Each structure stands twice: as C-alpha cells, then as structure tokens.
Amino acid sequence: MAGDDFAAQAPLMREPESARNSIDNNSFISEGQPTSPSAFIWALSVAAGISGILFGYDTGVISSTLVSIGPADLSHPLSTLDKSLITSSTSLFALIASPLAGILADRCGRKYVVLVSDVLFVVGALWQAWTVNVTGLVMGRSIIGLAVGGASLVVPLYISELSPSAFRGMLVTLSILFITGGQVVAYVLGYVLAQRAHGWRWMVGLGAMPAGFQFGLLLMLPETPRWLVKAGHEDAAREVLMKVYVSDTNTTAERVLQDIKKEIFEEESTSKLIHTHVHGDDIWPWLTQLQHRMTELLYVGGNRRGLVIACFLQGLQQLCGFNSIMYFSATIFSLLGFTSPILTSLWVAVTNFVCTLLALLIIDRVGRRAILLRSIPVMIAGLVLCSVSYHFLGLPGNDVNVLQQIQSAASSPWATFIVVSLLIFVCGYAIGVGNIAWQQSELFPLSVRSLGSGFATATNWGCNFLVGLTFLPLMEYLTPVWTFSLYALVCLVGWFLAWKIYPETKGMGLEDMRGLLRDGWGVKKSSDRPASPRLRVS
Ligand SMILES: O[C@H]1[C@H](O)[C@@H](O)[C@H](O)[C@@H](O)[C@H]1O
C-alpha cells in the first residue's frame, strides 16, 4: 500500500537541499513590523473573535441551564445520565468536528469554516430553545459541539494568518479573551434568567444572536493572504496584505507576499520529493491529497515536532483540570456550604477573564515559553494548596460518598482557602496555558497548518471530554485531596515537557517557523535569536 511504501522510506526523507539552504539564509528574519495593528486588523480580529464569545457562552451556560430545567419542562425529569449526556455531547462533537474543519479550511478557505460554524450555532441554539424532550436537547448540544469544534480550530488560524508577527500572540489571545468573556456573560445571564419561568430556553437560545451578527460581518471580510496565495489568488492576497500593513510602506506587504510564495514553493518541492514515494490510485483526488498531507505532517521531522508540541500543550490545557472547575465550580461551592454558589463561581470566570486580559498585554513582550515556565508553577501552587485545604477540612472517615461528607465541613475556614487556592490556580492557567495552547497554528508551515491545528484542537476536545466525564467520579472515589494532587502532578509533568520542548516563538514570521523546528525542538535556537526590533525598543 502507498502509505507502507512511504513509511519504509520515511527515515531517509529530507527536505530538498535548495529549500534547506534558503531556509537557513532566512531563518528568523522577521517581517517589517508596524508599530501597532491597523484598524483593519483590529476589525478582523474582533469580527472573528465573536466565535470566541459563542464558544465561551455555549460551554459556560450549560451549568446554569442544567440547574434551571424544571421537572415538567421536558418529556421527563433529567436523570444524572441525561445531565452527563447533555454536557459531554458538546465536547464529543467538537472533537469530531475539529479535524474535519481542518480539512475543510484547506479546501474551501478559513472564512468558509467560520460561516458554516455560524449557521450551526444558530441552528443548535434555536433547536435547544424549542425542544420538548431530552433527546432534542442532546441533539441541539451536539450541533453546538460541531460549531464550537469548527470555530475553535479556525478562528486562531484565521487570526494568526492575518496578523503581523509582532502582534500575532496578542491578537490570538484576543480571541481567547472573547471566550472567557463569553463564559462570564453565560454565568451572569444564567444567574439572572434562572429566576424566570422557562429562563433556560432563553439561556440556550440567546447564543443564536452573536452568530447571526458575525455571519453578516464576515461576509464583508477577506480570506487570509496565506490561503489566497495557495489557492492561486495572488492579487487578492496582495490587496489584503496592503491593508494589514497600511501604516507601513508597501514594501513590507510585498516582502511578506514574497515570503509566503517562497514558503509555498519550498513546500511544494518538499512535497514532490516525498510523494514520488507514494503511488495512490487516485480514485478520489481529495483523499489522495489528504493522504499526502497526513504523510507530510507525520513524516517530515519539523511538522511532526510541531504536532507533538501543539497536541501536548492542548492536552495539558485540559488535563490540568481547569474546566472541571469552570463547569462544576457551582457544585463544588454549594457543597462547601456557600450561600450563593453561582455568584462565588462567577469569581472563577471573572478571574479567568481578567488574567487572560493580562496575558494579552504581555504575550508578545515576555514570550510564550517564558510565560509558560513561570505560570505553570503558579498553577501547581494553587492545586497543592487546594489539596492541602481539603485535607484540613477534616472530612470524617472515608465512607463511600465523600461529596456528602464535605457538606458537613461547610463552615470551616479551610473552605475559604479552597476558593482562594482555586483562584490562584485559575490566574496561572489564564495567563499561560489557557491561551498559549491556542497559538498552535504558528507551529506549522502552511501546507499542514490547518490539518495539524485540527489534530491539536481535537486533542483539546478529547481531553476536555475526559476531564468533564471523570471529575465527579474522581472526587467521589479518589477523594478531593487526591483529585487535585493528580492535577498538580499533570502540571508538574507539563512544566518539565514545556521546558524540554517548547521553543520561544514570539515575534517570528510564520514563514520562519519551518527553520525553527527542522532539526530539533528549537529551544536553544530560539533563545539564541536576537530580539526583534520592536521588542528591543520596548
Ligand atoms: O482557552 C480556553 C479558555 O481558557 C476557556 O476558559 C476554557 O474553558 C477553554 O477550555 C479553553 O480552551
């Protein structure tokens, strides 16, 4: 078979010498940097970022929805299994949608995927609002999952392909700020609407509004220059680049265009070299092309390393347990005896939002790696403190239902320590891995960017699904002390891996990334690199 054929040759595979040399000569030459993003770029990032609000809103609103659905609202009262299905169907379908969206983003364009996601957001929201039975609600949540999966993959990709490199980190983080903002809105609306009859139908239905608005806005916005060049629309790409670098001379736009063309040319040479080894019998050309892309992603060393780094960070983002706090904080706080658990858990959402804002301001100055290595220890400290606090909460015995035992320890000051320690953890998370993982698309060259990002996004949703499903059973059977210790251990391993394999990518042109990961993890190479002019001045 073609793939086996190729696999046998794979270890010998190298990029063509011409490509290697030209990359060496150009490594780390940053594109000319404007001093601030143009109004056009802000408009694009905000328009695309609306998907973030939807992502945050639809994932955040479910906790209030579940507690607001009355026994007579649907065909039967919600059982625990119903609740798990309703919650996890979104992550499961997001997991399925993200690699598919990656393929679609390559074939039809990045913007197209956002538009399709908007349609799904509207259909899913209205479906949930009008449903009369549990199956309908699960189906509505699944449609939302497809939308969230597509949008979460393509929005950071769209923004990073359009941004000047000096602001790429900040602008991608802006879309994460929208996610966390959407979660805050979901908590607030959940709190307000929970008091009203059929309020839950409004909670889920309101998600349709921003999606409709974004659909209209996006129709007026362009495709990314990288995708346009690849699709053979060079003039359209030039036009977009001239708007991106408007305050600059046109030479910058022209140089970036040449860089993109060069990258595509080099990739095509590499690709030709690789695929002389593959003899697909071309019945479905798109399938053969997909097979080629997969081969390039997995067997070209730099691409494979990009994939490992991106999946590792997305895995860490979820396996550290953040979303168990996001989704179940109201449950945790009510068991700790707080009188207003939804309001207390709003603190989690607000802290997440504020610290993401802080990340946005520093990411392009301090750098992704530097932030990660400093913020993960903060997460570990928060988790260890949480675990210790649970220990001193003084749970009686070790009977079967630990959650009920916690209830009896409600008035202890250690309960306050638990809230504080969770907020410390959330700070570390939001400044670091909560947004840096979404910088994933910068780790891949154009030819495999959306496919690689698709797999990394699927890793995110797969781990999200796992954590959502296991948190309550872990709390019950492993005890809270060991559950939070386990998350701390995941973070410790994560810190070590980040230190070993995550290179500093701040300020680098997307076209320079290939050079960075070509011969290794690029950690040393990136630390030896001189700071970009903008970074030196500031
Ligand atoms: O980056 C986002 C953000 O941190 C959200 O708050 C979280 O709920 C998501 O899972 C994550 O992907």
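Remember, it's 1-based here, ligands and their atoms both numbered in the order they're listed. Keep in mind it's a predicted model, so treat the numbers as computed, not measured.
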Kindly assign one of parallel, tilted or perpendicular to the pair Trp499 and Phe496, based on the angle between their ring planes and the thresholds 30° and 60°.
-> tilted

Could you tell me whether the side chain of Trp482 reaches within less than 4.5 Å of the side chain of Leu486, counting heavy atoms only?
-> no

Report each N/O pair between ligand 1 and the protein that falls under 3.5 Å, naming both atoms.
| unit_1 | atom_1 | unit_2 | atom_2 | d |
| --- | --- | --- | --- | --- |
| ligand 1 | 1 (O) | Gln317 | NE2 | 3.4 |
| ligand 1 | 1 (O) | Gly434 | O | 2.6 |
| ligand 1 | 1 (O) | Trp438 | NE1 | 2.9 |
| ligand 1 | 4 (O) | Tyr429 | OH | 3.0 |
| ligand 1 | 6 (O) | Gln183 | OE1 | 2.8 |
| ligand 1 | 6 (O) | Asn352 | ND2 | 2.8 |
| ligand 1 | 8 (O) | Gln183 | NE2 | 2.8 |
| ligand 1 | 8 (O) | Asn323 | OD1 | 2.7 |
| ligand 1 | 10 (O) | Gln318 | NE2 | 3.0 |
| ligand 1 | 10 (O) | Asn323 | ND2 | 2.7 |
| ligand 1 | 12 (O) | Gln317 | OE1 | 2.8 |
| ligand 1 | 12 (O) | Trp438 | NE1 | 3.0 |

Counting distance only, does the side-chain N/O of Trp461 pair as donor-acceptor with the main-chain N or O of Leu92 below 3.5 Å?
-> no

Measure the acute angle between the ring planes of Tyr429 and Phe322, then classify it against the limits of 30° and 60° as parallel, tilted or perpendicular.
-> parallel

At their closest point, which heavy atom of Asn323 faces which heavy atom of Gln318, and how far apart are they?
-> ND2-OE1, 2.7 Å

Would you please say whether a donor-acceptor pair under 3.5 Å links the side chains of Glu161 and Thr224?
-> yes

